[in-house]
Amino acid sequence: MKITINDDFDLDKIINSGQCFRPKKTGDNTYRFVTGEHIVEITNVSSHSAISDPNAPTELDVSCREKEWNEVWQSYFDLDTDYRKIRAGIPKEDTYLKEAASCGAGIRILRQDRFEMLISFIISQRKSIPAIRTSVERLVERYGHDGFFPNPVELLAATEDDLCACGLGYRVPYVRKATELVAHKDIDLDALDDLSDEELFGELKSFHGVGDKVANCIALFAYHRTGRAPVDTWIARVINEQYAGVNPFPRYGNVAGIMQQYMFFRAQGKGQYVSEKTL
DNA sequence: CTCCAGGGTTTGC
DNA sequence: GCAAACCATGGA
């Protein structure tokens, strides 16, 4: 099925933005995404001239039917939000963010599976992104089914030794306890969606092994709380070197999390800066 | 071999 | 309240 997108949309930047660990490139201009019990292959079939023009619409060929696209992937890719408008609203005084947003144009904040994000970001602490991917894939292979991330009941089957074999190291008890709480319905991850940002943040931090940074990542990438801006080692470095140690995110209100993603992408040296003139 | 990774918890003051 | 020690592994 053919899809046309009239907004920022760059699959390569999305899968390399650090917000997701499983989506991957499967061929020339083709990418595979998985969430919950859904899987889709997406090929960018835009003409070459359109790819070089940031304002041209993006033409996609997607493997799923229209019903699934509208009910699952439209929301997953946050296609009802105007990212160009958000980028245009960045004050030019914030020159570093202007450049970062130019580099990261095309990134979108994904609405990902809650349990998967909880477990993935617990694992993420003190690990490199490639190492996180390896551990998450091992969980999928051993405890998921049909290539889907294991649901809480499936992951409950993993003993502490099993989890250790997935390279989780000292995080094994964190993942184990979180899985038990969710599988036994002591905590309802879906019900947390009704909470305010601060209340959600507090509930997420009640998990052993979830601190400020991980709670904000889960809030941003699973609950789409775009006002949350996780501060990790990369962002802390940016705050120190570019903002004289003063956290710039409060001024960006409910789009702070989107700005954080642009900065994270830029801080890793990814993306190319495109000057305002060529935009 | 060494170094460090999208941090968090525990401990000691 | 704060700073420092400590944490298991994999990837570079």
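A note on names: the letters A, B, ... follow the listed sequences, proteins ahead of strands, and every chain is numbered from 1.
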Length of the [atom1]-[atom2] vector between [X] and [N], whole Å:
X	N	atom1	atom2	value
A:Phe21	B:dA5	CZ	C1'	12 Å
A:Phe121	B:dA5	CZ	C1'	14 Å
A:Phe264	B:dA5	CZ	P	12 Å

With sequence neighbours excluded, tell me which residues meet ring-ring contact (aromatic ring centres under 6.0 Å, His included) with [X].
X	result
A:Phe265	none
A:His208	A:Tyr174
A:His145	A:Phe148
A:Tyr83	none

- Task: Verify the neighbour count for atom NZ of A:Lys25: are there more than 12 heavy atoms of other residues, nucleotides or ligands below 6.0 Å?
- Result: yes
- Using a 4.0 Å cut-off on protein heavy atoms (strictly under), produce a 5'-to-3' string for nucleotides 7-13 of chain B with B for base contact, S for backbone-only sugar-phosphate contact, and - for none. BSSS---
- Item | C1' atoms of B:dT9 and C:dG10, separation to the nearest Å | 22 Å
- Message: Using atom P in both nucleotides, what's the gap between C:dA4 and B:dG6 to the nearest angstrom?
- Response: 23 Å
Please list, chain by chain and in numerical order, all residues satisfying side-chain hydrogen bond (donor to acceptor under 3.5 Å, both in side chains) with [X], sequence neighbours excluded.
X	value
A:Asp190	A:Arg114
A:Gln19	A:Ser17
A:Asn16	none
A:Lys205	A:Asp212

- Using heavy atoms to find the nearest nucleotide of DNA chain C for A:Arg171 and A:Ala131 separately, return the residue whose nucleotide is more 5′. A:Arg171
- Note on the structure: Note: contacts of residues 157-169 of chain A with DNA chain C (heavy atom, under 4.0 Å) are A:Cys164, A:Gly169
- Task: Verify whether the ring centers belonging to A:Tyr96 and A:Tyr262 lie closer than 6.0 Å.
- Result: no
- Item | chain A contact limits on DNA chain C, taken 5' to 3' with a cut-off of 4.0 angstrom to heavy atoms | C:dC7 to C:dG11
- Message: Which Ile, Leu, Val, Met, Phe, Trp or Tyr residues join A:Ile14 in one cluster when any pair of side-chain heavy atoms under 4.5 Å counts as a link?
- Response: A:Met1, A:Ile3, A:Ile5, A:Phe9, A:Leu11, A:Ile15, A:Tyr31, A:Phe33, A:Val40, A:Ile42, A:Leu60, A:Val62, A:Trp69, A:Val72, A:Trp73, A:Tyr76, A:Phe77, A:Leu79, A:Leu110
- Hey, does A:Gln268 reach any base, or is it just sugar-phosphate, or nothing, if we go heavy atoms under 4.0 Å? nothing
- Query: If you look at every strand shown and take non-hydrogen atoms under 4.0 Å, does A:Ser17 touch a base, only sugar-phosphate, or nothing?
  - Reply: base
